[in-house]
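One structure below.
So that the names make sense, note that chain A is the first sequence line, chain B the second, and so on, each numbered from 1.
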Amino acid sequence: MGKRRVRNNIRSLRFHAGEMTQKELADKTGVTRQTIVAIENAKYAPSLELAFLIALVFERPLEEVFSYEVEEGAA
Amino acid sequence: MTFQEKGIATALGVLILMYGIYGIALYDMFREGQFATADAGSLLGKSILTLMAAVVITTLVVRIGMTVIEAIANRDAHPVISDERDRLIELRGLRISHFVFAGGFVVAMIALALGQSAFVVINLIILSLGAGEALGSIGQLYLYRRGL
């Protein structure tokens, strides 16, 4: 089984939510903008609570925002 | 570089500087034979306490200065917060620090068992403390760049 990583489509959701900025999303979820950047770039897997908060901001179910996929290039 | 990263890098710089000054001062005192007297233990203890106080006070002053400069430079910015990612990276750094210090402590005890002087053993412990802090900070900076 290949190594999996938490991926997301937050960037796309932000765009469709009135071009919300990373800073605005960070403020709504109580984290720093750098954390949102790290999440979008799949460099950080958010906690369950933060993942739910982000999904709540976009009014989407969790599985529409995040996915657990095999890493690109992994066997 | 984020504010947290700047803070970590600054603390690392202060640590290296203070340990460097401590090392030079210790070497000078050793060459002058000050550790060959009956008061060697007391002198070493005072030197180490001075080092610790210097590190804490200098880091505090520099951090306060940085915070003030950051506040003046970014007047309209929201206050900097420490979120779950910052706390996780801090914990990982702390784990690295603890492992390095523990390893250094074992080395110091081996030195003691092999008959090394208290001067050597105590300085090995102090060195491992500093190395632990430094490597913990480097680890945190690496995690901020590479991601978790």
Side-chain angles (χ1 to χ4, degrees), chain A residues 1-14 17-58 60 62-63 65-75, chain B residues 1-14 59-60 62-99 133-148:
Chain A
M1 197 182 223
K3 195 180 174 188
R4 289 176 177 265
R5 214 171 174 87
V6 175
R7 298 208 176 270
N8 60 84
N9 57 347
I10 291 173
R11 193 165 287 157
S12 164
L13 286 166
R14 278 196 298 112
E19 295 185 12
M20 187 191 295
T21 63
Q22 288 170 333
K23 184 70 182 129
E24 284 168 347
L25 179 58
D27 290 340
K28 285 175 193 280
T29 52
V31 297
T32 60
R33 190 187 69 83
Q34 287 77 25
T35 297
I36 297 297
V37 171
I39 292 171
E40 284 187 7
N41 295 327
K43 285 194 170 185
Y44 173 66
S47 67
L48 198 58
E49 186 180 0
L50 179 56
F52 270 114
L53 273 171
I54 292 170
L56 207 67
V57 166
F58 295 119
R60 299 287 175 96
L62 195 66
E63 53 273 15
V65 183
F66 294 96
S67 59
Y68 192 46
E69 295 168 9
V70 174
E71 239 177 29
E72 285 159 24
Chain B
M1 229 186 201
T2 64
F3 182 74
Q4 281 87 356
E5 286 174 278
K6 284 179 198 169
I8 294 164
T10 307
L12 181 63
V14 167
T59 305
L60 212 64
V62 171
R63 284 280 194 127
I64 290 169
M66 269 181 59
T67 306
V68 168
I69 292 167
E70 186 85 12
I72 292 169
N74 301 305
R75 247 177 247 241
D76 297 330
H78 293 265
V80 176
I81 59 170
S82 173
D83 61 11
E84 60 176 53
R85 180 170 153 264
D86 297 318
R87 285 192 292 273
L88 192 58
I89 289 173
E90 191 182 346
L91 281 171
R92 294 266 178 100
L94 207 62
R95 190 165 68 177
I96 293 168
S97 293
H98 285 164
F99 270 119
E133 278 297 313
L135 288 172
S137 296
I138 291 167
Q140 285 185 64
L141 290 172
Y142 175 73
L143 287 172
Y144 268 114
R145 293 281 125 182
R146 191 206 73 165
L148 286 161

(request) Compare every heavy atom of B/Leu148 with every heavy atom of A/Arg5, then report the nearest pair and how far apart it is. (result) NH2-O, 4.0 Å

(message) What's the separation between atom OG1 in A/Thr32 and atom CZ in B/Arg85, rounded to the nearest 0.5 Å?
(response) 6.0 Å

(message) Would you say CD of A/Glu49 has more than 12 non-hydrogen atoms from neighbouring residues, nucleotides or ligands within 6.0 angstrom?
(response) no

(message) When you compare the side chain of A/Tyr44 with that of B/Glu84, does any pair of heavy atoms fall below 4.5 Å?
(response) yes

(request) Kindly give the heavy-atom pair with the smallest separation between A/Lys43 and B/Arg146, and that separation in Å. (result) CD-O, 3.6 Å

(message) Does atom CZ (A/Phe58) have a neighbourhood of more than 12 heavy atoms from anything else shown, all under 6.0 Å?
(response) yes

(request) Heavy-atom distances under 4.5 Å only: say whether B/Leu88 touches chain A with side chain, backbone, both or neither. (result) side chain

